[in-house]
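Note that these values count all heavy atoms, side chains included, but never hydrogens, waters or copies made by symmetry.
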Amino acid sequence: MVQNWDVFLMPYEQAVSELKIKFRGMRKQYQQASKHSPIEFVTARVKSVDSIIEKQARRYIADDVLETDMQDIAGVRIMCQFVEDIYAVVDLLHQRTDMTVLEERDYVTNVKSSGYRSYHVIIEYPVQLVDGEKKILAEIQIRTMSMNFWATIEHSLNYKYQGEFPDDLKARLKRAAEASFQLDKEMSEIREEIQEAQQLFSYGKGQDLPQMQGMQFKDSDNQTDGDESSNTDDSGASRQHDDGQDDGEK
């Protein structure tokens, strides 16, 4: 058993903080360049001690291999607007030199029998500590907001039924997952229209108007101010994320 959990988890907490800053920085760079960002918003968490102990017992993970066999102690979730953005984010991860992609699981294309969809990436990330560098594993889940809504509901229900869903509920969840994915497909079909509208909205709020070929811009006199979903802050969301990083690992 780990003797001091605070010491054990400290590098993971540092990694999560750094990764959040980096992914948010990537999103801001797209915005400053007046380009569509494949990253809509980011949440992250370090797995709670109780969750680690429970999973360690369930998966028969020995203490001496805990750091290598439990890959999601540090968890990051990246939400996207469109399915295509998921794969754009995956490409961005492969291009980075400050982390190494070790493993990928594409549950978007290879949907789970439950209906779960997401793209999971395991990375090795170096954390700089006072006594030297420590490489830790972190799991990054990339999904659309629609996929995230379904996964959050399914995960909550799993606590009630402990994975043993009644047949009727299981069928309803499967139908809901398909309906959710149909929404993503429809949004992808009109993606260019949506992105053009978002550019116009940003321009109305004072951002530089991008030069986009074939696009005609008109003044909008009836535009209303409001918080865009892309400005979502994840303060408070990380706690909800704490035990939800196991989504799809039933």
Side-chain angles (χ1 to χ4, degrees), residues 12 15-16 19-20 22-23 26 38-47 51-52 54-56 58-61 65-126 135-158 163 165 170 173-174 176-178 180-185 188 238 240-250:
Y12 293 95
V16 161
L19 288 169
K20 281 197 298 183
K22 289 180 178 182
F23 291 137
M26 292 166 65
I39 298 174
E40 181 70 1
F41 63 94
V42 181
T43 63
R45 63 92 182 105
V46 174
K47 206 171 189 66
S51 293
I52 293 174
E54 185 277 329
K55 187 172 183 178
Q56 190 176 6
R58 175 162 46 90
R59 297 288 183 88
Y60 302 101
I61 299 174
V65 293
L66 179 59
E67 292 182 338
T68 56
D69 283 17
M70 193 174 296
Q71 300 174 323
D72 66 338
I73 295 176
V76 178
R77 187 169 294 159
I78 298 176
M79 258 62 73
C80 308
Q81 286 190 344
F82 306 104
V83 174
E84 293 82 0
D85 292 339
I86 294 173
Y87 296 98
V89 171
V90 174
D91 288 341
L92 289 172
L93 294 179
H94 279 283
Q95 294 169 17
R96 295 192 68 93
T97 58
D98 55 349
M99 61 188 73
T100 303
V101 174
L102 300 181
E103 184 179 333
E104 300 175 59
R105 296 189 292 273
D106 185 354
Y107 298 128
V108 178
T109 302
N110 306 299
V111 57
K112 282 182 163 286
S113 59
S114 64
Y116 176 84
R117 285 181 170 89
S118 187
Y119 200 109
H120 294 194
V121 179
I122 304 300
I123 64 168
E124 183 181 68
Y125 183 76
K135 294 182 178 180
I136 67 165
L137 301 182
E139 181 183 64
I140 302 174
Q141 295 182 356
I142 313 161
R143 56 177 66 151
T144 66
M145 293 179 287
S146 178
M147 294 174 190
N148 188 63
F149 173 72
W150 183 92
T152 302
I153 298 300
E154 193 268 352
H155 187 78
S156 298
L157 288 171
N158 187 63
F165 294 126
K170 187 184 300 184
L173 284 171
K174 184 67 177 293
E178 290 305 315
S180 174
F181 192 61
Q182 285 300 316
L183 173 62
D184 279 333
K185 290 172 65 176
S188 291
S238 57
Q240 184 181 12
H241 185 195
D242 180 56
D243 296 322
Q245 190 76 18
D246 286 336
D247 293 344
E249 296 186 4
K250 310 292 187 296

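- Heavy atoms only, all atoms of each residue included: Ile39 and Phe23 are closest at CD1-O, 3.7 Å.
- Taking the side chain as every heavy atom from C-beta outward, Ile123 and Leu19 approach each other to under 4.5 Å.
- When every heavy atom of Arg45 is checked against every heavy atom of Ala74, the shortest pair comes out as NH1-C, 3.7 Å.
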Check step by step if side chain to side chain contact (heavy atoms under 4.5 Å, CB included) holds for Tyr12 and Glu67.
CA-CA 10 Å; Tyr12 293 95; Glu67 292 182 338; 3.6 Å; yes

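- Between Ser188 and Val83 the shortest heavy-atom distance is OG-N, 4.1 Å.
- A salt bridge links Lys55 with Asp72: at least one charged nitrogen is closer than 4.0 Å to a carboxylate oxygen.
- In this structure, Tyr116 OH and Lys174 NZ are separated by 15.5 Å, a value rounded to the nearest 0.5 Å.
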Let's go through Glu154 and Phe165 carefully: what are the C-alpha distance in whole Å and the side-chain angles of both, what is the deciding distance for side chain to side chain contact (heavy atoms under 4.5 Å, CB included) to 0.1 Å, and is it a yes or a no?
CA-CA 10 Å; Glu154 193 268 352; Phe165 294 126; 3.5 Å; yes

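- Here the straight-line distance linking atom CD1 of Ile78 with atom CD of Glu40 works out to 12.0 Å at 0.5 Å rounding.
- Considering all non-hydrogen atoms of both residues, Ser118 and Ile142 come closest at OG-O, 3.4 Å.
- Note on Arg117 versus Glu178: salt bridge recorded, some NZ/NE/NH1/NH2 to OD/OE distance being below 4.0 Å.
- At least one donor-acceptor pair closer than 3.5 Å links the side chain of Thr152 to the backbone N or O of Asn148.
- Rounded to the nearest 0.5 Å, atoms CD (Gln56) and CE (Met70) are 5.5 Å apart.
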Under the side chain to side chain contact (heavy atoms under 4.5 Å, CB included) criterion, do Phe181 and Trp150 qualify, and how do the steps go?
CA-CA 10 Å; Phe181 192 61; Trp150 183 92; over 6 Å; no

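- The CD1 atom of Ile73 sits 8.5 Å away from the CG atom of Leu137 when rounded to the nearest 0.5 Å.
- Considering CD of Gln182 and OG of Ser146, their distance stands at 10.5 Å, rounded to 0.5 Å.
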Can Ile86 and Met147 be said to form a side chain to side chain contact (heavy atoms under 4.5 Å, CB included), step by step?
CA-CA 11 Å; Ile86 294 173; Met147 294 174 190; 4.0 Å; yes

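- Applying the salt bridge (charged side-chain N to carboxylate O under 4.0 Å, His left out) rule to Asp98 yields the partners Lys22, Arg96; only residues at least two apart in sequence or on another chain are considered.
- Counted by atom type alone, His94 and Glu104 present one or more donor-acceptor pairs between their side chains at under 3.5 Å.
- Across all their heavy atoms, Pro38 and Ala88 have their closest contact at CB-CB, 4.0 Å.
- Considering all non-hydrogen atoms of both residues, Ala151 and Arg143 come closest at CB-NH1, 3.6 Å.
- Taking CE of Met26 as the reference point, atom CG of Leu93 lies at 6.5 Å (rounded to 0.5 Å).
- For Tyr87, the OH atom is densely surrounded, since the number of other residues' heavy atoms within 6.0 Å is greater than 12.
- Remark: Lys112 is positioned above the aromatic ring of Tyr107, its terminal NZ or CZ atom under 6.0 angstrom from the ring centre and at most 45 degrees off the axis.
- Remark: Glu139 engages Arg105 in a salt bridge, criterion side-chain N to carboxylate O under 4.0 Å.
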